[in-house]
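Notes follow the structure.
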Amino acid sequence: MPAPCQPPHHQPHLPSLHGSLLLLLALLAPLARAQYEHMGYPPGYPQPEQEMYSAPHIPANTPRIQLRLAGDKRKHNEGRVEVFYSGEWGTVCDDDFSSHNAKVVCRELGYLEAMSWSPSAKYGKGEGRVWFDNVHCSGKESTLALCESNGIGVSDCKHSEDVGVVCSDKRIPGFKFINSLPNHVEPLVRLRGGAIVGEGRVEVLKGGEWGTICDDHWSLLASSVVCRELGFGTAKESLSGGRLGQGMGPVHMNEVQCSGFEKSITECLFDNESLGCSHEEDAAVRCNVPAMGFQEQLRLRGGRNPFEGRVEVLVKRNGSLVWGTVCSEGWGTMEAMVTCRQLGLGFASSAFQETWYWPGDVSADRVAMSGVRCSGTEMTLSHCLHHGAHLACPKGGGRNAAGVSCSETAPDLVLNPQVVEQTTYMEDRPMFMLQCAYEEDCLASGSKDDPATAIRRLLRFSSQIHNNGQSDFRPKAGRHSWVWHECHRHYHSMEVFTHYDLFSLNGTKVAEGHKASFCLEDSECDEGIDKRYECANFGEQGITVGCWDTYRHDIDCQWVDISDIKPGDYIFQVVINPNYEVPESDYSNNIMKCRCRYDGNRVWMYSCHNGGSLSSESEQAFPGLLNNQVTHR
């Protein structure tokens, strides 16, 4: 079809040389733009300027500070300038403050530019000390601490002179944290999912939320930076492909490139766009850890392979070192976990209180350690609580000694908080429709005297439990001990699998949690993974790696009975595998918490998140409750 306003057979003139150049530039422009965007620079943003921020030089004697904007909770990019230094938050005086100073503040916080600044405590008066006064910046400094001033902490200003800034809402592409936080502030990097000290999936804290690193270009140099930042030696192995389990939440860093001399992984060049990255690409490390000699203090005897056996410890008795057994009373998963870690054998797969089928050394039959209670994080069994020299073990050692079976891998159950938040609702149901639930103790204690026509109010929701670990999650009990529930017509393979509870804001339980003994199976799996477990027809139970078990809101016992609570604000909590019956690589993410508002007619669930996924400062929004860190039982 001919172009408009052009005769059908009209031949267009050939463009002039000038026109050809314009045409060539027009064709190349998208390529140039794509190149910039691939490098992390937005169109129109000068490359040299970006390079200055991606690799700033900060002299070693520069005060280590942290900045934040306060006073306006509605907007993240404006507020009173506050500085964290020497363990205290303080402010900046407006004396001689300029647009150049505001520019440095905004860029240190990761914003492209400063829009304006405000004197005279426009965003309210701060507290603490006025850390900076008479600040003079050129605008090119990478941190406010490099600008000229009276000196940090030297000021005659009052908080009525606190300065504020307004930054653009556009973030700097590839922005990295310029200064490492002070030592007493929450660290920016941690390891999760590792079997022993100094190994795990690398997670970084950004914007108050923990996230992972994509393994694109992940190298031994970058891994060594992480290891040194955490106080270990260099890295001995750089792992990719989610080898040490998959995280949940955001992927904070991608295409990390380090020289190897950085003090923090956040000082390396990286792309904060993680398009195309999934948690199947989570990066991990194994660090070189000093040999402490812990392995020589423990041994396994009588097992069919080096990963199992009766636990024997080396202790001093009457001036001599002798081998003895560990009393099995109270021996459980946490104690077995510490044992396997101390021996360098990975995770525990089972803890045994009888080991008569594993004959050990007869000379080591005497009990050498009793009353052992571990939190699960100790490096050696001797670091756990125990009786010391005053042993107490009525059953004695020998055939009743503690034993373990270890494994290089372990499952890791994680609840999907978004599913809970999106599916919560309230239902009123009469008692005559709750007979099966009543039999399984799924209602509040106040329901026992209710007539059949009485109404119970239920807080209902769906839960989706993923196995993000390295091995399948299997119930502790074997098929021979599963319990058949006639009312619900299926076998329960775990006595207690999940707790659902509602707490007041001070942490007092107000609605009795449902202790669920669910039938475990694969509801759905990631692409390319086949289901292996199904409850029907007395089938095998468990959750395959990369699969999840979904408990829909409309099945019995998938609720909290809130019939007896008053309207108000509450905290809703879910805990998976609460008794640590099955070993996992990470128990800190087995808890999920939400804010819950109930007005007597409706219910809202919001701010749902897994334990350990937010910074400790963010967790203060949940008073009275702590993260699900394993504690002494």
Side-chain angles (χ1 to χ4, degrees), residues 40 42 44-45 49-50 52-54 56 63-85 88-147 149 152 155 157-179 181 185-186 188 205-209 250 252 266 272-273 607 614-615 617-618 620-621:
Y45 192 71
E49 196 82 345
Q50 171 65 13
M52 181 180 71
Y53 298 121
S54 61
R64 300 171 70 194
I65 65 171
Q66 181 188 358
L67 298 186
R68 71 181 181 189
L69 300 180
D72 191 339
K73 295 182 179 179
R74 299 166 300 172
K75 298 181 179 180
H76 60 82
N77 59 322
E78 67 177 82
R80 179 178 60 252
V81 181
E82 294 194 347
V83 178
F84 191 91
Y85 177 73
E88 180 183 355
W89 283 103
T91 60
V92 177
C93 184
D94 60 15
D95 288 353
D96 295 333
F97 206 83
S98 68
S99 58
H100 291 308
N101 300 353
K103 186 177 182 181
V104 172
V105 168
C106 289
R107 285 180 174 169
E108 186 168 358
L109 287 167
Y111 298 101
L112 274 172
E113 57 186 349
M115 306 303 292
S116 62
W117 62 276
S118 306
S120 307
K122 175 184 175 181
Y123 294 96
K125 297 180 181 180
E127 297 179 349
R129 300 178 64 176
V130 179
W131 283 122
F132 288 98
D133 188 11
N134 293 316
V135 181
H136 295 277
C137 303
S138 68
K140 295 183 179 180
E141 293 85 354
S142 54
T143 170
L144 195 68
L146 288 175
C147 299
S149 69
I152 193 161
S155 173
C157 292
K158 298 180 180 179
H159 284 299
S160 58
E161 299 170 83
D162 287 344
V163 74
V165 300
V166 178
C167 304
S168 69
D169 59 0
K170 294 181 179 179
R171 306 287 294 185
I172 297 175
F175 170 73
K176 64 172 201 56
F177 304 94
I178 292 176
N179 270 336
L181 295 178
V185 178
E186 191 169 10
L188 292 176
L205 183 64
K206 181 179 178 183
E209 185 173 13
H252 280 327
T266 59
N272 61 5
E273 293 292 335
S607 298
L614 302 181
S615 68
E617 186 174 311
S618 301
Q620 293 173 6

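Side chains are part of it too, since the values below use all heavy atoms of this structure and drop only hydrogens, waters and symmetry mates. In this chain, residues are counted from 1 in sequence order.
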Quick one: do the E113 and S168 side chains pair a donor with an acceptor below 3.5 Å? no

Ignoring hydrogens and geometry, is there a side-chain-to-backbone donor-acceptor pair from [X] to [Y] under 3.5 Å?
X    : Y    : result
E141 : G139 : yes
H252 : E209 : yes
E108 : L144 : yes
N101 : V135 : yes

Quick check for you: to the nearest 0.5 Å, what is the distance between [X] atom [atom1] and [Y] atom [atom2]?
X    : Y    : atom1 : atom2 : result
C157 : W131 : SG    : CH2   : 14.5 Å
I65  : L146 : CD1   : CG    : 8.5 Å
I152 : D133 : CD1   : CG    : 12.5 Å

Pair up each side-chain donor or acceptor in residues 119-128 with any protein partner under 3.5 Å, not counting sequence neighbours, and list the distances.
| from | atom 1 | to | atom 2 | distance (Å) |
| --- | --- | --- | --- | --- |
| Y123 | OH | E78 | OE2 | 2.8 |

I'd like to check the side chain to side chain contact (heavy atoms under 4.5 Å, CB included) partners of D96; sequence neighbours left out, ordered by chain and number. N134, H136

Residue pair [X] / [Y]: nearest heavy atoms and the distance that separates them:
X    : Y    : value
C93  : V130 : N-CG1, 3.8 Å
S98  : W117 : C-NE1, 3.7 Å
G208 : L205 : C-CD1, 3.7 Å

Please identify each residue that fulfils salt bridge (charged side-chain N to carboxylate O under 4.0 Å, His left out) with E82, with sequence neighbours left out. R68, R80

H100, NE2: over 12 other non-hydrogen atoms inside 6.0 angstrom: no

Could you tell me if the side chain of [Y] sits less than 4.5 Å from the side chain of [X], heavy atoms only?
X   : Y    : value
L69 : V81  : yes
V83 : L67  : yes
V92 : S149 : no

